[in-house]
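Atoms within a ligand are numbered from 1 in the order they appear, just like the ligands themselves. Computed from a predicted model, the values in this text were never measured in an experiment. No hydrogens, no waters, no symmetry mates; every other heavy atom, side chains included, goes into these values.
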Amino acid sequence: MLPAHADFFAGGAGEERTLRANLAAYDRLRIVPRVLRATGDRDLRTTLFGAELATPVLVAPTAFHLLAHAGGEAATAQGAVAAGTLMVVSMAATQPVERIAEAGGPLWFQLYPQPDPVFTAAVVKRAEAAGCRALVVTVDSPVFGRRDRDLRNGFTTLPAGLACENMRDETGRVRSIEMNATLGWDRIAWLRGVTGLPIVLKGVLHPADARLAVEHGVDGLIVSNHGGRQLDGAIASVDALPAVAAAVRRRIPVLVDGGIRRGTDVLVALALGAEAVLVGRPVLDALARGGADAVREELERLTAELDHAMALAGAKRPAELTPDLVAVAG
Ligand SMILES: Cc1cc2nc3c(=O)[nH]c(=O)nc-3n(C[C@H](O)[C@H](O)[C@H](O)COP(=O)(O)O)c2cc1C
Ligand SMILES: CCCCCCCCCCC(=O)C(=O)O
């Protein structure tokens, strides 16, 4: 992979404080295991919006998979399906959603609502028609993050032949993805009128926004700081999770992403109130290393580690993971 592309995948915004904080937060949190819980075999099955998954570890939406591997997003989706989970297709995918959907498993579609509502609605309808089962609306990006590595590398365009294939309009032209600083809650209500799919907001960190999301009829939340790629200095996502979960009070599913690298991290996130987690860079690294098979192996590794950690912590099912199982290291 070209160094500039590797930097795009690995990097974060500014000083990369939030990127590091996402990882450091899991280093600080310790598991307080229960004993004599007779868990037997663990049961990691997780149901989200009607899709039964083998694991609570999902694939986060990430851009430009053809920069990582010739199989592109379709290979990532194949790996996710083989691991019994689902992938969230990025609006910045480099293959058409219809091609990615050929993998056959459940997919969700991630949307940056565009200033042009007619085009935005057309993208949503296209994702629906391709079989996507939920719409993940990214709300942490009113403007694009300042990513110092990309600025240094001058990474501003995709190589010839690659494009955001789901940004093609009815004339066949590929539109640029525009970040949209005019978005407000009214646009979520508007989206509700466009689609019957569950709407999941990605990028919520403040409990007041979580409460507003529930009041606006949103169906799910992803606690996320975009993997440290947007607001540098933002709170680590797992540190924001308990307050968001408390505000939501189980009325809608809460998911979390950012910095999850081991099954024990998944356990901590589930214990602090997440129903599932998403992983970004670990999947991209696997894709670059070995395509669909490596993506499957990576997701299976995280799931096997979670299973093992649950046995040692005394939990048979994710629902048995509760906040009392987590302590902050002294
Ligand atoms: C290379 C890259 C591209 C990303 N592209 C998108 C995107 O298109 N849409 C989006 O909502 N989030 C995007 N994200 C953020 C991820 O969905 C996710 O929030 C983040 O990667 C989680 O952190 P992790 O990489 O530590 O697992 C991207 C992240 C990376 C690393
Ligand atoms: C090739 C130059 C970059 C053009 C930006 C398009 C938007 C992609 C957004 C992907 C994303 O969310 C991310 O974190 O990166």
Asks: Identify the closest protein heavy atom to atom 2 (C) of ligand 2: which residue and atom is it, and at what distance?
Replies: T156 O, 3.3 Å
Asks: Identify, by atom number and element, the atoms of ligand 2 in contact range of R147, meaning under 4.0 Å from any of its heavy atoms.
Replies: 13 (C), 14 (O), 15 (O)
Asks: For atom 8 (C) of ligand 2, find the nearest protein heavy atom and state the residue, atom name and distance (0.1 Å precision).
Replies: A92 CB, 3.9 Å
Asks: Using only heavy-atom distances, determine whether the side chains of T94 and H65 contain a donor-acceptor pair under 3.5 Å.
Replies: no
Asks: Answer yes or no: does atom CZ of R34 have more than 12 heavy-atom neighbours from other residues, nucleotides or ligands under 6.0 Å?
Replies: no
Asks: So for atom NE2, which belongs to H206, do other residues, nucleotides or ligands contribute more than 12 heavy atoms lying within a distance under 6.0 Å?
Replies: no
Asks: Which ligand 2 atoms does R229 reach within 4.0 Å, using its non-hydrogen atoms?
Replies: 13 (C), 14 (O), 15 (O)
Asks: Distance alone, cut at 3.5 Å: any donor-acceptor contact between the side chains of E305 and T264?
Replies: no
Asks: Assess the side chains of R147 and Q230: does a donor N or O sit below 3.5 Å from an acceptor N or O?
Replies: yes
Asks: For R17, I'd like to know if atom CZ has over 12 heavy atoms of other residues, nucleotides or ligands within 6.0 Å.
Replies: no
Asks: Please identify which atoms of ligand 2 are closer than 4.0 Å to at least one heavy atom of A63.
Replies: 10 (C)
Asks: How far is atom 11 (C) of ligand 2 from the closest protein heavy atom, and which atom is that?
Replies: Y112 OH, 3.5 Å
Asks: Which atoms of ligand 2 sit under 4.0 Å from any heavy atom of F8?
Replies: 15 (O)
Asks: Take atom CZ of R251 as the centre, draw a 6.0 Å sphere, and report whether it contains more than 12 heavy atoms from other residues, nucleotides or ligands.
Replies: yes
Asks: Taking atom types as modelled, is there a side-chain donor on N225 or T18 under 3.5 Å from an acceptor on the other?
Replies: no
Asks: How far is atom 5 (C) of ligand 2 from its nearest protein heavy atom, and which residue and atom is that?
Replies: F144 CZ, 3.9 Å
Asks: Between ligand 2 and H226, is the shortest N or O to N or O distance under 3.5 Å?
Replies: yes
Asks: Could you go through F155 and H5, starting from their C-alpha distance and side-chain angles, then the distance that decides it, and tell me whether this counts as ring pair (Phe, Tyr, Trp, His ring centres under 6.0 Å)?
Replies: CA-CA 8 Å; F155 180 57; H5 298 164; 5.4 Å; yes
Asks: Does either side chain, that of E128 or that of T195, offer a donor lying less than 3.5 Å from an acceptor on the other one?
Replies: yes
Asks: Under a 4.0 Å heavy-atom cut-off, which residues neighbour ligand 1?
Replies: F8, F9, A60, P61, T62, A63, S90, Q110, Y112, T138, K202, S224, H226, G227, R229, D257, G258, G259, R261, V279, G280, R281, L284
Asks: Is there a donor in the side chain of T120 and an acceptor in the side chain of Q114, or the other way round, less than 3.5 Å apart?
Replies: no
Asks: Who's the nearest protein heavy-atom neighbour of atom 4 (C) of ligand 2, and how far?
Replies: F64 CZ, 4.4 Å
